[in-house]
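Notes for the one structure printed next.
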Number of protein chains: 2
Amino acid sequence: METLRERKKRRTREALVRAALELFTTQGYERTTVDEIAEAVDVSQRTFFRYFAGKEDAAFAVQEMTEAHFVAAVRARPPHEPPMEALRQAVLEGWDDIRETVESVVPVELYLRMYRMIESTPALLAAHLRRSAATEQTIAGLLAEREGVDVDADPRPRLAVAVFAGVIRVTERQWSTGDDFSLAAIRGLTAAYLDQVGPALTGNWRAA
Amino acid sequence: METLRERKKRRTREALVRAALELFTTQGYERTTVDEIAEAVDVSQRTFFRYFAGKEDAAFAVQEMTEAHFVAAVRARPPHEPPMEALRQAVLEGWDDIRETVESVVPVELYLRMYRMIESTPALLAAHLRRSAATEQTIAGLLAEREGVDVDADPRPRLAVAVFAGVIRVTERQWSTGDDFSLAAIRGLTAAYLDQVGPALTGNWRAA
DNA sequence: TTGTCAACTGTCAGCGACTGTCACTAGCCT
DNA sequence: AGGCTAGTGACAGTCGCTGACAGTTGACAA
């Protein structure tokens with residue numbers, strides 16, 4: 001069972017995340033200082049840095065949970081599914097699950113606002129892309145294992161994941177700049193865009 | 001013609017770039033301070049920041065030239081070429097041209113070392129990915145124009161570019177972690193990986 | 001050629017992110 | 001109850017970066 005000390009720690013951490021996201025999404029990321037976040041939770045700046053490696057870390061605390069969920073979702077896919085189909089299903093079916101997990105820490109609405117803030121803040125976008133690249137590595141490893149090929153010898157796992165991730169990026173961007181921020185919207189976009197990959201690669205587009 | 005002032009400016013800037021890349025590649029990016037770079041060229045720290053928006057900017061000074069070249073190469077492709085073919089040719093044929101341009105500022109060997117440093121330094125990798133994302137936007141616009149479609153209404157331009165960029169990323173990574181750093185090597189990898197996209201997307205991989 | 005103007009530059013001062021150190025408090029465990 | 005230790009606060013210091021101001025030097029006209 002959870003000791004008092006651990007409980008306090010978890011509370012402090014979650015309070016810091018909530019305060020950080022709230023401040024980031026209202027004043028902007030750069031204009032929010034670590035001191036402000038610490039003060040909002042009534043701890044010292046030094047303590048903030050004991051919970052997070054940096055300001056950036058706090059900003060991605062929730063994203064980290066969703067990434068872990070996606071990886072788990074891919075891992076849970078039936079082994080007979082072709083690679084791209086497994087990725088597709090994992091991302092489409094994962095959202096409801098993710099929603100619940102997120103809600104246990106911060107309001108989903110705050111999570112969505114933060115998502116947009118990441119997309120529109122260069123420093124955060126850069127960090128997001130780097131983190132995505134790391135996740136891609138993990139997924140590539142999973143696919144290789146599923147299909148029984150060697151990740152380093154066979155380029156197909158990494159290529160498939162890179163292509164998939166590229167589509168997801170376009171989807172994210174479109175969703176975050178649109179005006180419908182519902183989960184249904186991003187699911188619809190994801191499915192539609194994945195279906196458009198084939199047409200986008202073949203021939204020229206004037207014929208259609 | 002170039003005035004004395006402009007000549008001095010250009011020399012200072014190029015000296016700063018060379019000093020920066022030299023220091024970054026030998027001591028590492030984080031362990032190199034702006035003061036060191038400025039001191040190596042015998043200017044004040046303040047002057048460094050008048051030439052570059054930040055330490056990061058200096059690190060990507062050369063990359064910026066190659067990106068501009070790639071965009072120009074795509075723009076120069078015959079309009080009848082299908083989109084993906086235009087990108088492929090632009091990247092494969094662009095290298096020799098780029099090599100010359102790079103050489104006019106820093107030794108190619110230093111450029112290659114810097115490339116690897118970027119791939120292996122999280123902060124630089126993040127910046128690199130963000131910059132790539134920006135370039136992707138530009139290319140997507142070009143493709144849309146070529147094909148006479150609307151970038152915002154038709155997802156295909158962005159999807160095609162995202163897929164292409166994903167493949168290039170995998171190629172870059174493979175090249176920078178391998179042991180053959182020649183231009184021929186990266187050209188070969190690029191062609192091979194682009195050809196592998198189709199197979200990577202369809203069916204499962206065990207059959208092959 | 002010379003004087004004026006604008007462009008560059010150096011110096012100084014300061015902010016914010018981040019780190020090391022050290023003393024201290026508060027939960028844990030016997 | 002009392003020792004042990006994880007967690008914290010306070011303080012000082014480094015580094016990236018910016019603003020303000022003053023000095024210098026090249027450009028260009030008279």
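Here is how names work: the chains are called A, B, and so on, in the same order as the sequence lines, proteins then strands, and each is numbered from 1.
- Judged by distance alone with a 3.5 Å cut-off, no donor-acceptor contact links the side chain of B:R7 to the base of D:dG26.
- A heavy atom closer than 4.0 Å to some atom of DNA chain C occurs in A:T32, A:T33, A:V34, these being the qualifying members of residues 12-39 of chain A.
- DNA chain C is contacted by A:F49, A:R50, A:A53, A:G54 of residues 47-54 of chain A, taking any non-hydrogen atom closer than 4.0 Å.
- With sequence neighbours excluded, the residues satisfying salt bridge (Lys or Arg N to Asp or Glu O under 4.0 Å) with B:E14 are B:R10.
- Here D:dC4 presents its C1' atom at 9 Å from CZ of A:R5, a figure rounded to the nearest Å.
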Tabulate below the donor-acceptor pairs under 3.5 Å that side-chain atoms of residues 63-76 of chain A make, not counting sequence neighbours, or state none.
residue : atom : partner : partner atom : Å
A:T66   : OG1  : A:Q63   : O            : 2.8
A:E67   : OE1  : A:R131  : NH2          : 3.4
A:H69   : NE2  : A:T101  : OG1          : 3.1

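- For the side-chain contact (heavy atoms from CB on, under 4.5 Å) test, residues two or more places apart in sequence or in another chain that qualify with B:R46 are B:S44, B:F49, B:R50.
- One can place CD of B:E56 at 16 Å from C1' of C:dA17, the figure rounded to the nearest angstrom.
- If you check distances only, the side chain of A:R46 does reach the base of C:dG20 with a donor-acceptor pair under 3.5 Å.
- Partners of B:E136 according to the salt bridge (Lys or Arg N to Asp or Glu O under 4.0 Å) rule, which considers only residues two or more places apart in sequence or in another chain, do not exist here.
- Atom CD in A:E2 sits roughly 18 Å away from atom P in D:dA6 (whole-Å rounding).
- B:A133 is linked by a side-chain contact (heavy atoms from CB on, under 4.5 Å) to A:L129, counting only residues two or more places apart in sequence or in another chain.
- Residues passing the side chain to side chain donor-acceptor pair (under 3.5 Å) test with B:T32, sequence neighbours excluded: B:Q27.
- Taking the six-membered ring for Trp and thresholds of 30 and 60 degrees, B:W175 and B:F181 have ring planes more than 60 degrees apart, a perpendicular arrangement.
- A residue-by-residue look at B:K55 and B:K8 shows that B:K55 has its nearest nucleotide of DNA chain D further toward the 5' end.
- Residues meeting the salt bridge (Lys or Arg N to Asp or Glu O under 4.0 Å) test with B:R88, sequence neighbours left out: B:D195.
- In terms of the side-chain contact (heavy atoms from CB on, under 4.5 Å) criterion, B:P79 has no residue partners (sequence neighbours excluded).
- One atom, NZ of A:K9, and another, P of C:dA26, lie 18 Å apart when rounded to the nearest Å.
- Near DNA chain C, meaning a heavy atom under 4.0 Å from it, residues 114-125 of chain B has no residue at all.
- The side-chain contact (heavy atoms from CB on, under 4.5 Å) search around A:D179 returns none, not counting sequence neighbours.
- The residues A:R169 and A:E172 are annotated as salt-bridged, a charged nitrogen and a carboxylate oxygen being separated by less than 4.0 angstrom.
- Taking atom CD of B:Q45 as the reference point, atom P of C:dC12 lies 13 Å away to the nearest angstrom.
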